[in-house]
Amino acid sequence: MALTMLNELLIEDPSPPMLLYQVSKTAQLDTLNYQSCFMQGIFAHFPEILFIHRTYNPRDKVLYTFLVDGPQVQLESHLARAVYFAIPAKEDAEGLAQMFQVFKKFNPAWERVCTILVDPHFLPLPTLAMEFPAAEVLPSAFHICKFLQGKFYQLSLEQPVERALLTSLQSTMCSATAGNLRKLYTLLSNCIPPAQLPELHSHWLLNDRIWLAHRWRSRSESSRYFQDLEVTTRVLSQFFGTTSSVEQGMTSLLRYMQQNSRDKASFSLGLSPQNNYVPSYVTPESPKVEQLVEARIQHSLNAICTGPAAQLCLGELAVVQKSVHLIGSGSEKVNIQILEDTHRVQPQPPASCSCYFNQAFHLPCRHILAMLSTRCQVLQPDMLPAQWTAGCAASLDNILSSKWSETLDKHLAVALLTQEVGQLLQHCNQEEFERRYSTLRELADGWIGPYEQKAV
């Protein structure tokens with residue numbers, strides 16, 4: 001039935017795509033190659049840099065997604081840069097060579113590919129080099145960033161150390177200069193135990209050829225680039241990586257691509273924030289309920305907020321999608337922790353949170369969005385201050401300037417610093433506590449005068 005649905009997609013598409021697949025003796029999908037006319041046209045325009053991402057399925061099948069990359073690619077939709085989907089029979093030299101040869105047969109512009117970006121653990125490099133002899137194959141900045149993020153979480157580091165590494169990584173990826181990369185390399189060397197440091201492959205940070213392929217982006221462009229790829233890879237995982245049925249996963253993904261091709265500037269699953277309707281093609285084997293809820297939250301943000309406000313909130317939601325932990329809930333308040341300090345959320349409209357982002361901008365932060373996701377809810381208009389609803393704010397600069405006050409900035413900065421220092425003091429041994437406390441005491445004495453302890 002899933003294969004029948006795949007064929008139906010060809011009939012429904014006004015410009016029939018290329019769809020080649022082979023079925024095994026057990027009537028299961030063995031190989032697949034898919035490219036719509038729109039995808040083929042995008043690749044023909046931007047063939048110079050090809051980005052390849054792999055998504056694994058519980059049935060041990062691998063979806064290869066080819067995306068265009070580079071300075072000339074300015075496409076708004078997160079999946080608009082996807083130009084080819086392929087599932088090889090096996091992830092060996094023969095299976096991959098056949099996959100690349102089919103791609104080249106339907107895309108004469110392959111000869112203009114100059115650079116191919118892959119994840120750093122992509123083993124069949126000889127096959128790729130043989131099929132694209134004129135192209136340089138490099139590890140992608142995005143995959144290296146995701147790899148390091150995952151390692152930071154796996155190492156179970158102290159929270160302040162983990163936070164410092166994640167902050168430095170984010171800053172470096174948005175400004176990948178040689179100096180910043182060297183600083184991150186040094187920070188890893190100082191913070192990671194020597195026995196575990198080789199696991200991080202920190203030498204990648206010193207390979208300047210990798211970062212030249214990414215360094216042309218400005219800080220804002222880099223931020224958007226990583227966010228777009230984060231959303232793209234998550235959508236691929238939702239549809240293909242979470243279902244044991246390869247056929248059903250691909251059917252749902254391709255139908256989603258079809259819908260997006262009709263409105264390439266949008267990013268939603270076509271779900272209305274006013275109802276809980278789920279399209280009939282999404283089955284229990286498709287994306288999990290909570291993942292669909294997050295997609296509905298994205299849609300509600302785009303529908304209710306101004307463009308710039310939605311942009312800020314989607315950045316917060318991207319953090320939510322990585323890891324959410326509900327600490328506890330009551331009738332009036334919910335405690336949310338997202339791999340960081342705990343913050344208190346007030347869910348009653350207008351929703352508020354004790355975190356820096358919400359206090360400064362009065363926009364739904366990652367903690368409010370995590371609460372909505374946990375409760376299978378979406379953003380409602382009354383949860384947002386009137387000035388940030390669609391049609392009110394003119395630009396991102398308006399948001400950043402109008403809600404920012406120097407007094408609030410200082411208050412929140414001091415509060416966060418005090419909390420971090422308090423946690424550091426609580427989790428160190430007595431000797432370290434006395435040394436750190438003595439240092440703080442000296443600083444305080446210099447600012448407010450000597451501390452005199454009163455006799456009891």
Side-chain angles (χ1 to χ4, degrees), residues 2-23 29-55 57 61-70 72-89 91 95-118 127-128 131-132 135 228-229 232-233 235-241 246-264 267 281:
L3 293 175
T4 302
M5 294 173 67
L6 277 172
N7 285 319
E8 287 176 354
L9 291 175
L10 296 176
I11 300 173
E12 294 173 8
D13 199 314
S15 301
M18 182 278 291
L19 176 63
L20 300 176
Y21 61 82
Q22 293 180 350
V23 181
L29 194 64
D30 195 32
T31 67
L32 179 139
N33 294 270
Y34 174 90
Q35 185 179 49
S36 68
C37 293
F38 174 75
M39 296 163 76
Q40 190 175 41
I42 292 294
F43 178 71
H45 278 85
F46 310 109
E48 291 79 11
I49 302 178
L50 200 58
F51 180 104
I52 298 179
H53 179 73
R54 296 182 294 172
T55 308
N57 177 272
K61 301 296 285 185
V62 186
L63 172 64
Y64 277 71
T65 303
F66 296 32
L67 303 101
V68 290
D69 206 310
Q72 304 302 320
V73 181
Q74 302 292 333
L75 300 172
E76 294 182 6
S77 177
H78 300 288
L79 271 170
R81 297 196 296 113
V83 296
Y84 199 79
F85 293 121
I87 300 175
E91 208 176 10
L96 293 179
Q98 183 182 31
M99 177 187 73
F100 290 131
Q101 287 163 13
V102 173
F103 171 78
K104 293 192 295 183
K105 181 177 181 180
F106 287 92
N107 294 274
W110 74 267
E111 295 180 340
R112 292 160 52 198
V113 175
C114 300
T115 305
I116 301 178
L117 303 175
V118 297
T127 304
L128 195 55
E131 296 298 333
F132 296 87
D228 286 350
L229 283 177
T232 296
T233 55
V235 168
L236 295 172
S237 295
Q238 286 175 359
F239 284 106
F240 185 80
V246 175
E247 299 81 5
Q248 182 62 56
M250 285 307 302
T251 301
S252 298
L253 174 61
L254 297 182
R255 189 180 292 276
Y256 170 76
M257 288 291 295
Q258 261 190 4
Q259 291 182 338
N260 261 9
S261 68
R262 295 166 193 152
D263 183 11
K264 301 178 184 61
F267 175 64
Y281 62 84

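This is a predicted model, so every value here is computed, not measured.
L79 CG to L67 CG: the interatomic distance, rounded to the nearest 0.5 Å, is 7.5 Å. Taking CG of L63 as the start and CD1 of I87 as the end, the distance is 5.5 Å to the nearest 0.5 Å. A distance of 11.0 Å separates CG of N33 from CD of Q101, quoted to the nearest 0.5 Å.
Applying the side chain to side chain donor-acceptor pair (under 3.5 Å) rule to Q40 yields no partners; only residues at least two apart in sequence or on another chain are considered. Applying the ring-ring contact (aromatic ring centres under 6.0 Å, His included) test to F240 and every residue at least two apart in sequence or in another chain returns nothing. Remark: D69 engages R217, Y225 in a side chain to side chain donor-acceptor pair (under 3.5 Å) (not counting sequence neighbours). With sequence neighbours excluded, no residue forms a ring-ring contact (aromatic ring centres under 6.0 Å, His included) with Y64. Shown here are the side-chain contact (heavy atoms from CB on, under 4.5 Å) partners of T115, two or more places apart in sequence or in another chain: I49, L117, L138. In terms of the ring-ring contact (aromatic ring centres under 6.0 Å, His included) criterion, F85 has no residue partners (sequence neighbours excluded). Among residues two or more places apart in sequence or in another chain, the salt bridge (charged side-chain N to carboxylate O under 4.0 Å, His left out) test is passed with K104 by E131. Under the salt bridge (charged side-chain N to carboxylate O under 4.0 Å, His left out) criterion, R112 pairs with E48, not counting sequence neighbours. Every residue two or more places apart in sequence or in another chain was checked for a side chain to side chain donor-acceptor pair (under 3.5 Å) with E111, and none qualifies. Judged as a ring-ring contact (aromatic ring centres under 6.0 Å, His included), and not counting sequence neighbours, the contacts of F103 are F43, F66, Y84.
Listed here is the closest heavy atom pair of A44 and A109: CA-CB, 4.2 Å. Scanning all heavy atoms of the two residues, the minimum distance from F38 to A80 falls at CE2-O, 4.2 Å. In terms of heavy-atom proximity, V62 sits nearest to P88 at O-CD, 3.3 Å. The two residues T55 and H53 come nearest to each other via the heavy atoms OG1-CD2, 3.5 Å. The shortest heavy-atom contact between V83 and M39 is C-CE, 3.4 Å. For A97 against T127, the heavy-atom pair with the smallest separation is N-CG2, 3.8 Å.
Two residues are said to be in side-chain contact when any heavy atoms from C-beta on lie closer than 4.5 Å; Q35 and N107 meet this criterion. With a 4.5 Å cut-off on side-chain heavy atoms, I42 and R81 do not count as touching.
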| task | Check the pair F51, L229 against side chain to side chain contact (heavy atoms under 4.5 Å, CB included), reporting the backbone distance first and the verdict last. | result | CA-CA 10 Å; F51 180 104; L229 283 177; 4.0 Å; yes

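Just one of L96, I116, L50 meets the side chain to side chain contact (heavy atoms under 4.5 Å, CB included) condition when paired with L128; it is I116.
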